[in-house]
Amino acid sequence: MKIKDIKILVTCPGRNFVTVKVVTDEGIYGLGDATLNGREMAVATCLEEHVAPCLIGRDPQNIEDIWQYLYKGVYWRRGPIGMAAIAAIDMALWDIKGKIAGLPVYQLLGGRSRKAATLYAHANGESIDETLDNAAALMEDGFKAIRLQSAIPGLPVTYGVLGDKKDYFELQGNRPLPPEEEWSTKKYFNLVIELFERARERLGDDIHLLHDVHSRLTPIEAARLGKLLEPYDLMFLEDACIAENQESYKLVRNHTTTPLAIGETYNSIWDCKELIENQWIDYIRTAATHAGGITGLRRIIDFAGIHDVKSAPHGAPDLSPICFAAHIHLNIWAPNFGIQEYVGPGNEEMQRIFKHNIKVEDGMAFVSDAPGLGVEFDEEAAAEFPYKRSYLPVSRLEDGTMWHW
Ligand code: EZ4
Ligand code: CO
């Protein structure tokens with residue numbers, strides 16, 4: 001079997017997605033997700049110009065060798081653009097292998113460890129009341145774990161909550177230049193403690209609660225927040241601070257028993273090696289699309305497992321349903337799976353383009369038994385929605401200093 005063609009398909013059904021289709025000489029094809037928010041065309045060009053030509057004529061069954069060829073063979077290792085390109089090819093090759101074997105990918109990984117993958121949903125709101133109303137509605141829908149984000153009084157726009165009552169998902173396709181947001185750690189601290197105090201009063205003790213700090217704190221501030229949130233028993237605190245110095249998490253860890261999660265921006269095992277081997281974190285949040293595909297993420301999950309760190313893959317709206325499917329296969333297999341982030345099935349246009357039958361019921365995702373990843377991509381429908389340049393916001397402190405978004 002040989003790779004005959006590699007198509008790079010960019011579509012914007014409300015937001016941009018980069019999809020790779022690897023076609024073989026025997027008619028079988030595989031799909032992969034290469035979406036890198038705000039840098040979509042850099043990955044698409046990398047694939048088109050630098051990756052695809054090297055793979056034509058190769059045997060798509062040699063997943064590991066192709067992964068190593070694209071990683072070691074490039075000289076410029078790692079980095080989000082190169083690793084997203086590798087990821088998309090890798091997912092497509094696992095999809096092809098599953099189709100050859102007539103088996104879903106989770107069976108190729110080693111089979112089932114659980115009946116379904118528990119999801120955490122998002123409750124966002126313009127006020128604490130609105131956030132808690134949304135959380136109560138998600139509990140009604142059967143979700144057992146919910147991330148709470150609420151607008152901060154005195155700040156015009158806050159991560160996870162946007163000004164005009166739309167969530168960040170609907171607005172993503174509509175930002176030809178990066179919008180600017182304002183941040184104040186002081187204002188945030190007051191709000192976030194009250195949010196969780198009132199959440200426990202209103203939602204009770206049985207629901208798992210989570211929160212994404214989105215890297216807005218310094219390590220010592222993150223340590224203080226973790227400590228102050230201890231009474232409210234979070235499942236985890238996400239991205240409490242940046243870990244470019246991985247040892248920053250030693251400081252946070254030493255001050256709090258609130259479980260810590262990080263990794264959605266990481267592109268290789270090296271970005272989280274010290275975090276994991278020192279057990280400074282509890283959950284690793286790397287995504288297949290951004291960390292070298294199923295092969296890359298499987299390696300991270302196995303490494304995490306021997307250090308009592310669980311997987312909690314990123315599930316934001318800027319990962320396509322192909323990545324979601326890859327995650328569900330990994331989650332069904334991984335002995336140390338923790339939880340999967342989930343933001344719903346996407347809009348109608350997305351559902352027309354990406355078809356799959358992963359069932360979400362009672363706050364859990366049930367894997368599909370279709371061979372491979374089990375996702376179809378409608379190229380004609382995708383062509384109706386051409387690429388639109390769009391950026392994430394940037395964040396500045398009140399005096400104008402650039403901050404972490
Ligand atoms: O801001 O995926 O947990 N989810 C997140 C996301 C990220 C976006 C960035 O591309 O933090 O919403
Ligand atoms: Co996050």
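Just follow the structure's listing: the first ligand is 1, and inside any ligand the first atom is 1. All residue numbers in this chain count up from 1 along the given sequence.
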Original post:
Is the distance between the ring centroids of Phe236 and Tyr120 less than 6.0 Å?
Top reply: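 Centroid distance Phe236-Tyr120: below 6.0 Å, so yes.
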So if I count the atoms of ligand 1 from 1 in the order they appear, which ones are less than 4.0 Å from some heavy atom of [X]?
| X | value |
| --- | --- |
| Trp405 | 1 (O) |
| Ala316 | 2 (O), 6 (C), 12 (O) |
| His214 | 1 (O), 5 (C), 7 (C), 11 (O) |
| Asp212 | 3 (O), 4 (N), 5 (C), 11 (O) |
| Glu238 | 3 (O), 4 (N) |

Subject >> Cut-off under 2.8 Å, centre the Co ion (ligand 2), protein N/O/S atoms >> reply: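 Those protein N, O or S atoms (cut-off: under 2.8 Å from the Co ion (ligand 2)) are Asp212 OD2, Glu238 OE2, Glu264 OE1.
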Carboxylate-amine/guanidinium proximity below 4.0 Å for [X] and [Y]:
| X | Y | answer |
| --- | --- | --- |
| Glu398 | Lys187 | yes |
| Asp95 | Lys99 | yes |
| Asp239 | Arg285 | no |
| Arg78 | Asp271 | yes |
| Glu274 | Lys250 | no |
| Asp378 | Lys355 | yes |

Original post:
What's the spacing between Thr289 OG1 and Ile86 CD1 if we round to 0.5 Å?
Top reply: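 So the OG1 of Thr289 and the CD1 of Ile86 are separated by 13.0 Å.
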Original post:
Nearest 0.5 Å, what's the NE2-CG distance between His329 and Leu297?
Top reply: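 Going from the NE2 atom of His329 to the CG atom of Leu297 covers 13.5 Å.
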Subject >> Proximity of Leu392 to ligand 1 by residue part, where a heavy atom lies under 4.0 Å >> reply: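 For Leu392, the contact with ligand 1 is made by the side chain alone.
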**OP:** Using a 4.0 Å heavy-atom threshold (strictly under), name the region of Tyr120 that reaches ligand 1: side chain, backbone, both or neither.
**Re:**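 Answer for Tyr120: neither.
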Subject >> Closest to atom 7 (C) of ligand 1 (judged by heavy-atom distance), picking from Glu264, His290, Glu341, Arg147 >> reply: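 The residue whose heavy atom sits nearest atom 7 (C) of ligand 1 is Glu264.
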**OP:** Give yes or no for whether the N/O distance cutoff of 3.5 Å, strictly under, is met between Tyr159 and ligand 1.
**Re:**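 Yes; the residue has a nitrogen or oxygen that sits under 3.5 Å from a nitrogen or oxygen of the ligand.
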Original post:
Quick one: side chain to side chain donor-acceptor pair (under 3.5 Å) pairs with a partner in residues 38-57, sequence neighbours left out?
Top reply: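 The answer is none; no pair qualifies.
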